[in-house]
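These notes are about the structure you will find just below.
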Protein chains: 2
Amino acid sequence: MNLNTDFVDKLRNSGLRPTKQRLKICEILFDNDKTFHFSVKDLSKIISQKLGEKISLATVYNTVHAFEKKGYLKEISINSNQTYFDTNTSSHHHFFDEKEKKLIDLKNEDVDPINIKKTIPGKKIKSIEVLVKLDPDNY
Amino acid sequence: MNLNTDFVDKLRNSGLRPTKQRLKICEILFDNDKTFHFSVKDLSKIISQKLGEKISLATVYNTVHAFEKKGYLKEISINSNQTYFDTNTSSHHHFFDEKEKKLIDLKNEDVDPINIKKTIPGKKIKSIEVLVKLDPDNY
DNA sequence: CAATAGTTTAGAATGATTATAAACTAATAA
DNA sequence: TTATTAGTTTATAATCATTCTAAACTATTG
């Protein structure tokens, strides 16, 4: 399969033209065996380090937000001064290490099925996210 | 029971002297049958409206953070440009209405017990929070 | 009551995010 | 192709929540 075609598809699907800069962003985000968590600042740094190229913050924001809207990225529900995204878009959960301020994936199958016994009239469930906060063992 | 004594206790317990301003903040936060969600800006507005008094933002931040550290308030794990707090400190969860950007409490007993089947070496679970995102029914 | 330790406040500093507008590039039509 | 149009990139400015600062003030302690 052609990765580049995949990138172009993702971009077009998100209503974006495939430009040089955006394809670079795709390389970092999607050309990877492992999924990962990042902030826009992180991503920007990775781009300049790995690709020796600087893409303006505005472009990174614009691209990341378009992908998020289309579901190619997920925003992580955690209170922080910056927003974190996840390239793992499958339904899953997170541990958050409060001491080290680090997020760790928690697979859906590592959590027993969650059953919500209350409903809100006129609303339906879009997603269920579990955040497990961690402390050091001897705390 | 004397509410004022309770407020003073909460403040002292949080390492804060009971000042006029802080007692006003307590009145809004704790002298209430219902629990509620708020941002610092919200709280500041409520104070000036209900009590006809303006307390500087720095003081509100300082007090709210001290209470949060001691567990008299809970920070809500949700990604937003501002931080939301909850006067409901019991273990519970939240719905989040994506359209109206509104938080709704979800009682622990309305969620079947959550079992996490994965552990992280050297860490123990501090809390488990579920966020149920909602969409309009016909979406 | 004096000395000390902690508090309040306005305003400045910080930092993430969003907006702006001019120069540039991709897409489209001729 | 080339010209036109629509969308993009960028540096920089604007915004906004939060944190910091330092001077004036207040509670606590001896």
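All values below were derived from every heavy atom in this structure, side-chain atoms included, with hydrogens, water molecules and symmetry-related copies excluded. A note on names: the letters A, B, ... follow the listed sequences, proteins ahead of strands, and every chain is numbered from 1.
- For the OP1/OP2 pair of C/dT7 and a distance below 4.0 Å, the side-chain nitrogens and oxygens of B/T59 include no atom meeting the criterion.
- Between B/Y61 and the phosphate of D/dT19, there is no side-chain N or O to OP1/OP2 separation shorter than 4.0 Å.
- Distance, B/K41 NZ to D/dT18 P: 9 Å, rounded to whole Å.
- More than 12 heavy atoms of other residues, nucleotides or ligands lie within 6.0 Å of NZ in A/K133, so this atom counts as buried by the packing criterion.
- A donor-acceptor pair under 3.5 Å links the side-chain atoms of A/R22 to the main chain of A/R17, judged by distance alone.
- Distance CD (B/E68) to P (D/dT18): 13 Å, rounded to an integer number of Å.
- Side-chain atoms of A/S39 and A/Q82 form a donor-acceptor pair, as typed in the model, at a separation below 3.5 Å.
- For the pair A/I55 CD1 and D/dA11 P, the interatomic distance rounds to 11 Å; values are reported in whole Å.
- Within 6.0 Å of the NZ atom in A/K102, the count of heavy atoms belonging to other residues, nucleotides or ligands does not exceed 12.
- Across every non-hydrogen atom of A/T83 and A/E75, the tightest pair is CG2-CG, 3.7 Å.
- Proximity of a side-chain donor or acceptor of A/K117 to a complementary backbone N or O of B/D110 within less than 3.5 Å is not detected.
- Under 4.0 angstrom from either OP1 or OP2 of C/dT18 there lies at least one side-chain N or O belonging to A/H65.
- Atom-to-atom, NZ of B/K45 to P of D/dC16 comes out at 13 Å; the value is rounded to the nearest Å.
- Summarising the geometry of A/L29 relative to A/T87, their closest heavy-atom pair is O-CG2, 3.8 Å, with the distance given to 0.1 Å.
- Atom CG in B/N81 sits about 8 Å away from atom P in D/dT18, given to the nearest Å.
- With C/dT18, D/dT19, D/dT18 as the candidates, the nucleotide lying closest to the side chain of B/Q82 is D/dT18.
- A cation-pi contact, defined as under 6.0 Å to the ring centre and within 45° of the axis, is absent between A/K123 and B/F95.
- Residue contacts for A/T83: at a heavy-atom cut-off of 4.0 Å it reaches the sugar-phosphate backbone alone, with no base atom in range.
- Residue B/L57 contributes atom CG, which lies 11 Å from atom C1' of D/dT19 at whole-angstrom precision.
- Looking only at atom types and distance, the side chain of B/S77 has a donor-acceptor partner in the side chain of B/E129 under 3.5 Å away.
- At the phosphate of D/dA11, OP1 or OP2 sits under 4.0 Å from a side-chain N or O atom of A/K54.
- For the helix from C/dC1-D/dG30 to C/dA30-D/dT1, the terminal axes (five pairs an end, C1' atoms, rotation from four pairs onto the next four) enclose an angle of 30°, given to 10 degrees.
- For the segment residues 11-30 of chain B, the set of residues with a heavy atom within less than 4.0 Å of an atom of DNA chain D comprises B/R12, B/R17, B/P18, in numerical order.
- Summarising the geometry, the separation between CG on B/D42 and P on D/dA17 is reported as 10 Å, rounded to the nearest angstrom.
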